[in-house]
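A, B, ... follow the sequence lines: proteins, then strands. Residue 1 opens every chain.
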Amino acid sequence: MAISGTALVLFLILHMVGNLKIFFGAEAFDHYAHWLREIGAPLLPHSGFLWIQRVGLLVALGLHIWSAAVLTIRARKARPVKYAHRKPVQGSYAARTMRWGGVIVFFFVVYHILDLTTRTFNPVADPAQANAAIVQGFAPGRWYVTAFYVLAVVTLGFHLRHGIWSGLQTLGVSNARRERVLKATAFAVAFVTCAGFLAVPFAVLTGLVK
Amino acid sequence: MSLKLRIWRQADAQDKGSMVTYQLQNVSPDMSFLEMLDVLNERLTLDGEDPVAFDHDCREGICGMCSLVINGIPHGPEKATTTCQLHMRHFTDGQTIDIEPWRAAAFPVVKDLVVDRRAFDKIIQAGGYISAPTGSAPDAHASPVPKADADAAFEAATCIGCGACVAACPNGSGMLFTAAKITHLGLMPQGQPERHTRVIDMINAHDEAGFGGCTNTGECTSVCPKGIPLETIARLNKDYRQALRAAS
Ligand code: HEM
Ligand code: SF4
Ligand code: FES
């Protein structure tokens with residue numbers, strides 16, 4: 001859970017920072033999208049790096065979901081009779097929504113790939129036109145796309161807030177003195193990642209990015 | 001005070017069980033929670049009914065026998081307090097109080113509110129000990145221990161094995177109990193020889209007993225009557241990681 005999660009978090013941070021390239025203009029963003037396909041050239045073929053990354057992410061995601069399923073099945077078996085009166089005493093909202101939150105984020109990832117990678121659901125089919133795909137994809141007329149995107153990113157923020165701290169605890173990095181700092185760090189990373197991802201559709205809606 | 005009690009009644013391990021409602025009058029706010037149940041049981045006995053079975057022994061917060069989930073919280077609403085040390089003044093006149101047993105596959109109900117906690121003994125038997133030559137007690141300062149370590153080890157050693165951590169955990173995990181023992185022994189020089197085998201064996205025994213896996217929700221530490229900190233679980237994880245590395 002913690003190891004596969006670390007790989008996914010690192011990817012998310014890089015992806016979020018990369019997306020902010022859109023604020024440098026359409027040309028810079030399209031160039032960035034093109035560059036992603038040429039990383040490692042001529043050693044790697046066209047899109048070679050992307051495919052390596054995709055395989056790595058698929059393995060990490062698979063392991064992450066598999067561990068989550070094992071934990072969920074064990075938890076179900078460990079409490080066959082439910083409480084008639086149950087009150088969460090301390091556990092944060094984030095900690096309690098890890099499982100369903102994870103499922104929402106998973107469906108979003110599937111949709112996201114069909115939208116902006118394969119362009120199945122996107123009005124712009126040309127893969128070289130990354131900026132246009134974003135601007136037209138998040139156009140005000142397609143508000144439901146933006147609404148789903150915001151919901152998924154906020155859910156992801158909650159998932160990260162508990163997940164990052166929990167991973168550090170599982171890896172044995174935490175201790176009494178570090179606990180507060182690590183929890184604050186997890187919150188900060190979750191907040192910044194969330195804000196970074198949300199900046200793009202809101203910039204399109206307000207006309208900041210054309 | 002007068003109270004409406006909704007109590008889990010279950011004749012034996014095979015019985016399905018259900019919540020049964022009782023009205024109780026003339027409860028003194030100075031009674032402990034268990035004394036309040038004694039009053040109910042006296043009345044049930046006089047009425048020729050089966051009294052409510054619940055676990056208790058010391059009634060002074062040190063044995064770890066008392067084990068009630070009160071209004072959804074193991075050991076009730078007071079922080080760092082066992083059920084036997086909880087007093088009725090923390091409840092209000094006319095209140096409805098739900099009383100349930102610990103709910104975990106590893107802690108099957110024996111009768112009513114009594115559960116079988118021998119699964120904890122299996123975890124301790126797997127590694128919660130040190131090997132030391134017997135004989136007369138060693139000199140007090142034969143093996144010096146830094147004060148900070150001694151204090152942290154003592155804090156972990158105050159675990160009374162009540163099982164509230166399991167009862168509160170959404171995963172039904174016994175990791176806080178296991179981690180308390182790992183921390184207690186791992187901080188002392190006497191605990192070093194078995195440090196690696198201890199953590200592996202205790203975690204295996206924990207998993208085999210049917211407890212769930214820890215996801216660091218922190219419910220356990222907030223209900224623990226001894227305030228065993230979540231930090232102990234990080235220490236257990238670190239020991240586990242080092243033990244796996246040493247084994248490979
Ligand atoms: C067959 C004889 C003995 C039996 C059955 C016996 C039984 C017990 C029991 C059941 C306790 C736990 C009581 C409690 O904490 O509530 C205890 C504690 C204690 N016993 Fe014994 N005992 C015996 C002999 C002795 C002897 C000979 C000594 C003194 C040399 C001794 C010294 C103590 C002390 C100091 C404690 C308190 C230990 C502590 O609280 O950590 N006992 N004993
Ligand atoms: S860790 Fe706390 S709640 Fe768990 S068994 Fe020990 S004393 Fe009870
Ligand atoms: S009866 Fe001993 S701790 Fe409550």
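Put simply, of A106(B), A152(B), P170(B), the one with the most heavy-atom pairs under 4.5 Å next to chain A is P170(B). Between chain A and the options P229(B), G172(B), C220(B), the largest number of non-hydrogen pairs under 4.5 Å is found for G172(B). Annotation: maximal heavy-atom pairing with chain B below 4.5 Å, among T72(A), T170(A), V173(A), L71(A), occurs at T170(A). Ranked by non-hydrogen atom pairs under 4.5 Å with chain A, the options A167(B), G17(B), A209(B) are led by A167(B).
A heavy-atom distance below 4.5 Å is found between the side chains of E179(A) and L230(B). Annotation: side chain of Q169(A) is not in contact with side chain of C214(B) (no heavy-atom distance under 4.5 Å).
Rounded to the nearest 0.5 angstrom, W8(B) CH2 and Y83(A) OH are separated by 12.0 Å. Atom CG in N175(A) sits 7.5 Å away from atom NZ in K238(B) (nearest 0.5 Å). If you take CG on N171(B) and CZ on R74(A), they are separated by 8.5 Å, rounding to the nearest 0.5 Å. In this structure, CG on L168(A) lies 11.5 Å from CG on N237(B), to the nearest 0.5 angstrom.
The minimum heavy-atom distance between A78(A) and F211(B), with the atom names listed, is CB-C, 4.1 Å. The two atoms that bring A105(B) and K77(A) nearest to each other are CB-O, 3.2 Å, heavy atoms only. Contact detail for R103(B) and K82(A): the closest heavy-atom pair is NE-O, 3.8 Å. Closest heavy-atom contact between T215(B) and H162(A): O-NE2, 3.0 Å.
Checking side-chain atoms of N216(B) against main-chain N and O of S166(A) turns up a donor-acceptor pair under 3.5 Å. For the pair R235(B) (side chain) and S174(A) (backbone), a donor-acceptor distance under 3.5 Å is absent. Under the 3.5 Å distance criterion, the side-chain polar atoms of R86(A) are matched with a main-chain donor or acceptor of A168(B).
Residue-environment remark: CZ (R142(A)) exceeds the threshold of 12 foreign heavy atoms within 6.0 Å. Other residues, nucleotides and ligands contribute at most 12 non-hydrogen atoms within 6.0 Å of the CZ atom of F158(A). Other residues, nucleotides and ligands place more than 12 heavy atoms under 6.0 Å from the NZ atom of K111(B). Annotation: L14(A), atom CG; neighbour count of heavy atoms from other residues, nucleotides and ligands within 6.0 Å is above 12. Surrounding CZ of R118(B) are at most 12 heavy atoms belonging to other residues, nucleotides or ligands under 6.0 Å away. Summarising the local packing, NE2 of H90(B) is surrounded by more than 12 heavy atoms from other residues, nucleotides or ligands at distances under 6.0 Å. The number of heavy-atom neighbours closer than 6.0 Å to CZ of F106(A), taken from other residues, nucleotides and ligands shown, is 12 or below. Residue-environment remark: CZ (F154(B)) stays at or below the threshold of 12 foreign heavy atoms within 6.0 Å.
Heavy atoms closer than 4.5 Å to chain A are found nowhere in D239(B), neither backbone nor side chain. Within the 4.5 angstrom heavy-atom criterion, only side-chain atoms of R99(A), from C-beta onward, approach chain B. In this structure, no portion of P77(B) lies under 4.5 Å from any heavy atom of chain A.
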How far apart are the C-alpha atoms of I97(B) and H85(A), what are their side-chain angles, what is the distance that settles it, and do they pass the side chain to side chain contact (heavy atoms under 4.5 Å, CB included) test? CA-CA 10 Å; I97(B) 306 178; H85(A) 187 150; over 6 Å; no

